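On a predicted model such as this, the values are computed, not experimentally measured, just so you know. Atoms within a ligand are numbered from 1 in the order they appear, just like the ligands themselves.
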Amino acid sequence: MKVHAIQTGQVRIKTAQVEGRGHQVRIKTAQVEGRGHGLSRRLAIFTDANWTGWLPTYAWAIETADGVVVVDTGQGAHLLESGKSLHPYVRWEVAFRIEPEQEIGPQLRALGIGARDVKRVVLTHLHMDHDGGLAHFPNSEILVAPGELRLASGTLGRIRGYLPQRWPSWFDPVPLHLAAEPFGPFASSRRLTETGDVIAVATPGHTADHISVVVQDGDTSFFLAGDTSYNEELMLAGKLDGVSEDERVAGATLDAIKRFAVSGPVVYLPTHDPQAADRLAGRRPVAA
Ligand SMILES: [Zn+2]
């Protein structure tokens, strides 16, 4: 089993997105206040003047006995046109850097992996820096959680900040239904390979139907975390991001990951963690 980290350019976001801090923003309207801590935490992204440094955006390729499984497709060079977007988040709250040859397709080819070798593509969620490389996989089976696809589709999806208008015209993913079959502390799961060494698990929070992928290699598990947190420290500290809608659900997911991590050697690999590639190369597990 071999897992490749593929860096598809870089992204900068507001620090309030990385670590939620709703309590610093006071919104007087009773109606808004009634919706709680959550909304002010999420609005803080727009009032925050502080940007993170450039963070990597990783996608992952897993060489399995059943062929290559790709998890997330990273950024696409088309995101550089995001200044033209009408959506305030895309326009002002996020910035990308990527060259066309940094997209996932050319990088897989450099590893000797052609489009036809990729049997399956699994998306943790459909945010633009995860689905930006879909065009490179016209012949693969693409798996997306049905709830995530509903959220991201159509005009409402665009209002929510997704870019469904950028999906390839052929995009028609297979619904990734998770069974009510617990995998460790995760309530539902689904095997993605015959032998069951690659497993999708439910990690709701960052989006309501966000999934993560566990790769079991000997006694080590690689946890391809998507955006469950932006780095390992935030996961260990149980700190929520500025995006998650339901704080209770997102907190429970971080707690489940932490419990999973201390149950055995688990290498935690979030999409935007600057340490992720080194951690994978050194098989460096989360410190118990
Ligand atoms: Zn995301």
Side-chain angles (χ1 to χ4, degrees), residues 6-20 38 41-42 44-46 48 51-52 54-60 70-76 78-79 82 85 87-98 104 121-134 143-145 147-153 156-164 166-167 173 176 200-213 223-232 234-235 239-247 249-250 253-254 257 268-274 276:
I6 298 159
Q7 187 181 340
T8 60
Q10 294 171 303
V11 65
R12 288 177 83 187
I13 49 179
K14 295 295 187 65
T15 56
Q17 179 172 343
V18 173
E19 192 180 322
R41 173 174 46 83
R42 289 153 70 203
I45 293 170
F46 289 90
D48 185 2
W51 290 83
T52 65
W54 288 101
L55 301 173
T57 298
Y58 286 107
W60 312 94
V70 164
V71 178
D72 284 337
T73 64
Q75 296 175 191
H78 63 75
L79 292 176
S82 58
S85 171
H87 193 277
Y89 175 83
V90 182
R91 212 170 159 132
W92 292 308
E93 311 304 327
V94 63
F96 298 99
R97 252 187 200 166
I98 183 168
I104 189 167
V121 175
V122 186
L123 297 172
T124 60
H125 62 305
L126 289 167
H127 282 162
M128 60 192 81
D129 48 338
H130 299 257
D131 70 5
L134 275 173
L143 295 164
V144 178
E148 180 70 20
L149 184 65
R150 268 196 305 277
L151 213 61
S153 297
L156 279 175
R158 292 175 71 165
I159 290 170
R160 292 184 184 106
Y162 291 90
L163 298 179
R166 302 283 199 184
W167 291 339
L176 176 61
V201 296
T203 48
H206 180 75
T207 64
D209 291 273
H210 186 286
I211 62 119
S212 298
V213 174
F223 195 89
L224 310 183
D227 288 350
T228 50
S229 73
Y230 287 94
N231 60 50
E232 181 169 303
L234 291 167
M235 179 275 288
K239 288 194 175 156
L240 302 187
D241 67 19
V243 182
S244 299
E245 262 182 64
D246 189 320
E247 296 179 5
V249 168
T253 287
L254 290 183
I257 295 171
Y268 183 61
L269 301 170
T271 301
H272 301 293
D273 190 330

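Judged by distance alone, with hydrogens and angles left aside, the side-chain atoms of Arg158 form no donor-acceptor pair with the main-chain N or O of Leu163 at under 3.5 Å.
Considering Thr124, Thr228, Leu240, Asp241 as possible partners of His206, the one that fulfils the side-chain contact (heavy atoms from CB on, under 4.5 Å) test is Asp241. Of the candidates Val71, Leu176, Val144, Leu143, Ile211 forms a side-chain contact (heavy atoms from CB on, under 4.5 Å) with just one, namely Leu176.
Checking His206 against the Zn ion (ligand 1), an N/O/S atom falls under the 2.8 Å cut-off. Residue contacts to the Zn ion (ligand 1): His130 brings no N, O or S atom closer than 2.8 Å.
Closest approach of Leu123 to His130, counting heavy atoms only: CD2-O, 3.5 Å.
The N, O or S atom of His125 lying closest to the Zn ion (ligand 1) is NE2. Of all N/O/S atoms in Asp227, OD2 sits nearest the Zn ion (ligand 1). His127 has its closest N, O or S atom to the Zn ion (ligand 1) at the position named ND1.
With a 4.5 Å cut-off on side-chain heavy atoms, Thr15 and Trp51 do not count as touching.
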